[in-house]
Colleague: 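I'd like to ask some things about the structure below.
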Amino acid sequence: MNEVNNRINSLVKERKTSFYKLSKETGIDQSVFSRVKTGKLNFSSKNIEQIANYFGVNIDWLLTGEGDMLKTPSKEGKGNDTTEEANLT
């Protein structure tokens, strides 16, 4: 979890936010961040998901440092490309 903490710390600094704001926006109690930092607790999978969603990063990247850092927009709901092409002709 130490590497996860490093990535979260880096995100907080890069995005010029604070753990206080991260706590308020995600609903994760500030004591959780403190206890994780001291090694007394690990983030739950729900916490990891909340943090990843807050920063718009991939969960896999947050956990492992591998893969694309940023989430890519979903193609769902974008319409059918074939239909759009057909309308252009």
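Quick note: residue numbers are just sequence positions, from 1.
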Colleague: Under a 3.5 Å cutoff, is there a donor and acceptor pairing between the side chains of Lys37 and Asn9?
Modeller: no
Colleague: Is the count of non-hydrogen atoms from other residues, nucleotides or ligands lying under 6.0 Å from Lys71 atom NZ greater than 12?
Modeller: yes
Colleague: Between Asp60 and Glu66, is there a side-chain heavy-atom distance shorter than 4.5 Å?
Modeller: no
Colleague: Say you draw a straight line from CG of Leu11 to CZ of Phe55; how long is it, rounded to the nearest 0.5 Å?
Modeller: 5.0 Å
Colleague: I need the Asn5 CG to Ser10 OG distance, nearest 0.5 Å.
Modeller: 10.5 Å
Colleague: Roughly how far, to the nearest 0.5 Å, is the CG atom of Leu62 from the CD1 atom of Ile8?
Modeller: 5.0 Å
Colleague: If you look only at pairs with a residue in residues 2-40, which of them pass as a ring pair (Phe, Tyr, Trp, His ring centres under 6.0 Å), with sequence neighbours excluded?
Modeller: Phe19-Phe33, Phe33-Phe43
Colleague: How long is the gap from OG1 on Thr26 to CD1 on Ile51, to the nearest 0.5 Å?
Modeller: 6.5 Å
Colleague: Sequence neighbours left out, what passes side-chain hydrogen bond (donor to acceptor under 3.5 Å, both in side chains) with Asn58? Give chain and number order.
Modeller: none
Colleague: Scan side-chain atoms only and decide if Gln50 and Asn47 contain a donor-acceptor pair under the 3.5 Å cut-off.
Modeller: yes
Colleague: Quick one: CD on Glu3 to CG on Leu63, what's the gap to the nearest 0.5 Å?
Modeller: 12.0 Å
Colleague: Is a side-chain donor or acceptor of Asp68 paired with a backbone partner of Leu70 at a separation under 3.5 angstrom?
Modeller: no
Colleague: To the nearest 0.5 Å, what is the distance between OG on Ser18 and NZ on Lys13?
Modeller: 13.5 Å
Colleague: Would you say Thr38's side chain and Ser34's backbone share a donor-acceptor pair under 3.5 angstrom?
Modeller: yes
Colleague: Check for a donor-acceptor pair, side chain of Arg35 on one end and backbone N or O of Asn42 on the other, with a separation under 3.5 Å.
Modeller: no
Colleague: Just so I know, are the side chains of Val57 and Arg7 near enough to count as touching, which here means a heavy-atom distance under 4.5 Å?
Modeller: no
